[in-house]
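Beneath this line is the structure, given in structure tokens, with notes to follow.
All chains are named by letter (A, B, ...) in the order of the sequence lines, taking the proteins before the strands, and each is independently numbered beginning at 1. Heavy atoms only: backbone and side chains are in, while hydrogens, waters and symmetry mates are out.
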There are 2 protein chains.
Amino acid sequence: MDDSVDTPLDRQIAAFRRFTRFYTRHLGVLREGLLDSPYPLTEARVLYELAQAPDLGAADLARRLGLDAGYLSRILRRFETDGLLAREPVPEDGRRATLRLTEAGRQEFAVLDAASRGQVRGLLARLPDAARRRLVAAMRTVEALLDRDAPAPWLIRPLGPGDGGWVVESHGRLYAQEYGWNAEFEALVAEIVAAFLRAHDPAREGGWIAERDGVPVGSVFVVRQDARTAKLRLLLVEPEARGLGIGRRLVEHAIGFARGAGYARMTLWTNDVLVAARRIYEAAGFVCTAREPHTSFGKDLISETWERALTPE
Amino acid sequence: MDDSVDTPLDRQIAAFRRFTRFYTRHLGVLREGLLDSPYPLTEARVLYELAQAPDLGAADLARRLGLDAGYLSRILRRFETDGLLAREPVPEDGRRATLRLTEAGRQEFAVLDAASRGQVRGLLARLPDAARRRLVAAMRTVEALLDRDAPAPWLIRPLGPGDGGWVVESHGRLYAQEYGWNAEFEALVAEIVAAFLRAHDPAREGGWIAERDGVPVGSVFVVRQDARTAKLRLLLVEPEARGLGIGRRLVEHAIGFARGAGYARMTLWTNDVLVAARRIYEAAGFVCTAREPHTSFGKDLISETWERALTPE
DNA sequence: CGGAGATACTTGCCCAAGTCAACGATCTGC
DNA sequence: GCAGATCGTTGACTTGGGCAAGTATCTCCG
């Protein structure tokens, strides 16, 4: 049924859609289990939100649940006439009214809530504890990765298990994709990383990962070139995480470390095609001191050496 | 709001329900994105099932999608009058008729399918590759745990850009996690991978990735030890993908390649703590020929050499 | 200050989505 | 050969929810 080339991304898309279909069906089943309740799904959701987050206005609620304002208005009126809901006008805004459950409303909700909780308990009880934990962790992961209206916070942390491999993987993947470099480059990165992992003086050398949502999105290394010169290496930021200033912060972090480690200057080696990195280096006070054509990674390139002094703070 | 004792199970239940609410909202958003399509959600789902699994009867379909038989009957009639659907009576059962999309139906579906796929692609494109992989893996985990009999298709493919790095990353991460090995091991793997990427004879050496849903879940390499001896290396299967026979198939694949490349025997090096791998090697006809204590990766270990003959097919 | 445009909420109108019950045709097991 | 299930259809009905117009209020900006 598929005539297109089947890339990993296509397979990821297929997996995503299969999950969506799966969960649609799953939600249908959950819903049926609660059929004896007098409230249809949407009303139950409204009740739930009202119980969880009091002092909402109707518009907030509609946005939160993705409901039509008109439809919601009717539901709320019904709740009100049934004595489940009270509205209080907001003094500072004549249009709005905060919604609050009455005691009766809270009781109705408690019944509903207990039923739903019992249903989920029944589901979870069928799983061994380790599986339950994995399930919950996986759900959290999906949620965190899909729900990113708020720009996810990120941090810089030292290298941990697997991170060296990630640096190799991301360099190999990205430089192949963006510049067409071949496996020779991935091999070079692997050698650099291997040498670093094999032996480095933590006082004078270091590697760091920029991480967002528990996922690596960038890297930078500082290694010793000679007693007075630090070398910056393996700076990378995933395309999807660019524009957040992560690259700049990584370089600043590296400079700070090198300064603290007592180096007098810092150098780095790059290629002229890497224009985004170039701007970061310039902004960080580096100056290009040498350019040299070479043939590597399956391409004709011009390598560049950049340098800057490190004066103690 | 909660007066009950808060056990881990309660928190798991709460997380489960939060995810369910989250995904309900998420589905609402996905649905809105496809509003311009002429088919409402349910009809689209029916179309989808028909395209995926041909030769269903109406009752099968209703069960699969959790739809009312009467409602479905009407939808199907509409499809039929629109020329999207053909019914064929089943000879051995006069009540049933198998449903099959016509050429026009398949085309309608293709349009719908492309739109949905494009929407998901847009969502995934916002994520860095590592995050995409984690997302898909997490979805797969949820699915597998909630629906024990969900089959998981996977395949074995040659190494591509970034895969060498993934091999380093997964080895470093897993052996640290499962056996507490230190960065020396990740360094060793990086060196092996670097040497392989740097130069290998494709006729006599190879590396492969087991991939599921576009996510790497396993690896195996064959390298030359001497003219007559192949060496199997870097066999690994992610914990989430174990128990599916992937390890066995990777070893079989490696043996098949080595045999085709003209080697007379195959050898491999492992450690006695890796009990799962041991069983795979035994089943594949390997015999342990030497054991030797050593101290590596921050642990006292016993290394093992295994061998088997390779007779031409 | 005043007017343009947003926002909060309501209402009427409408159709899509789904339920329920009854019905004929056919199959399966005893 | 009959009871009971299953497949599929139909008519009558309820519910869920989208859309657009309208009122009242607020906010921003010249």
Which one, [options], comes nearest to the side chain of [X]?
{"X": "Arg74(A)", "options": "dG18(C), dC19(D), dA5(D)", "result": "dC19(D)"}
{"X": "Pro40(A)", "options": "dA5(D), dG16(D), dC9(C)", "result": "dG16(D)"}
{"X": "Asp93(B)", "options": "dC9(C), dT19(C), dC27(C)", "result": "dC27(C)"}
{"X": "Glu43(B)", "options": "dC27(C), dC20(C), dA17(C)", "result": "dA17(C)"}
{"X": "Ala58(A)", "options": "dC9(C), dC20(C), dA17(C)", "result": "dC9(C)"}

Interatomic distance, [X] [atom1] vs [N] [atom2] [rounded to whole Å]:
{"X": "Tyr71(A)", "N": "dA16(C)", "atom1": "OH", "atom2": "P", "value": "17 Å"}
{"X": "Arg78(B)", "N": "dT9(D)", "atom1": "CZ", "atom2": "P", "value": "13 Å"}
{"X": "Glu88(A)", "N": "dC9(C)", "atom1": "CD", "atom2": "P", "value": "14 Å"}
{"X": "Phe79(B)", "N": "dT9(D)", "atom1": "CZ", "atom2": "C1'", "value": "17 Å"}
{"X": "Leu65(B)", "N": "dT19(C)", "atom1": "CG", "atom2": "P", "value": "13 Å"}
{"X": "Leu72(A)", "N": "dG17(D)", "atom1": "CG", "atom2": "C1'", "value": "12 Å"}
{"X": "Leu85(A)", "N": "dC9(C)", "atom1": "CG", "atom2": "P", "value": "12 Å"}
{"X": "Glu80(A)", "N": "dT10(C)", "atom1": "CD", "atom2": "P", "value": "8 Å"}

Describe the nucleic acid contact of Ala69(A) in one word from base, sugar-phosphate, nothing, applying a heavy-atom distance below 4.0 Å. base

So what does Gly70(B) touch, heavy atoms closer than 4.0 Å: a base, only the sugar-phosphate, or nothing?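 If one applies the 4.0 Å heavy-atom cut-off, Gly70(B) turns out to touch a base.
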
Flag yes if more than 12 heavy atoms outside Arg64(B) fall under 6.0 Å of its CZ atom; otherwise flag no.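 Result for CZ/Arg64(B): open.
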
Within a reach of under 6.0 Å around CZ of Arg249(A), are more than 12 heavy atoms found that belong to other residues, nucleotides or ligands?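 No, the 6.0 Å shell around CZ holds no more than 12 heavy atoms from other groups.
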
Think [X] has a side-chain N or O under 4.0 angstrom from the OP1 or OP2 of [N]?
{"X": "Ser73(A)", "N": "dT11(C)", "value": "no"}
{"X": "Thr42(A)", "N": "dG17(D)", "value": "yes"}
{"X": "Arg77(A)", "N": "dT11(C)", "value": "yes"}
{"X": "Arg87(B)", "N": "dT9(D)", "value": "yes"}
{"X": "Arg63(B)", "N": "dC7(D)", "value": "yes"}

Would you say Asp68(B)'s side chain and Gly70(B)'s backbone share a donor-acceptor pair under 3.5 angstrom?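 Between the backbone of Gly70(B) and the side chain of Asp68(B) there is a qualifying donor-acceptor contact (under 3.5 Å).
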
Can the ring centroids of Tyr23(A) and Phe19(B) be said to lie less than 6.0 angstrom from one another?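 Close enough - the centres of the two rings lie under 6.0 Å apart.
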
Looking at Arg212(B) and Glu238(B), does any basic side-chain N land under 4.0 Å from a carboxylate oxygen?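 The answer is no: the pair does not qualify as a salt bridge.
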
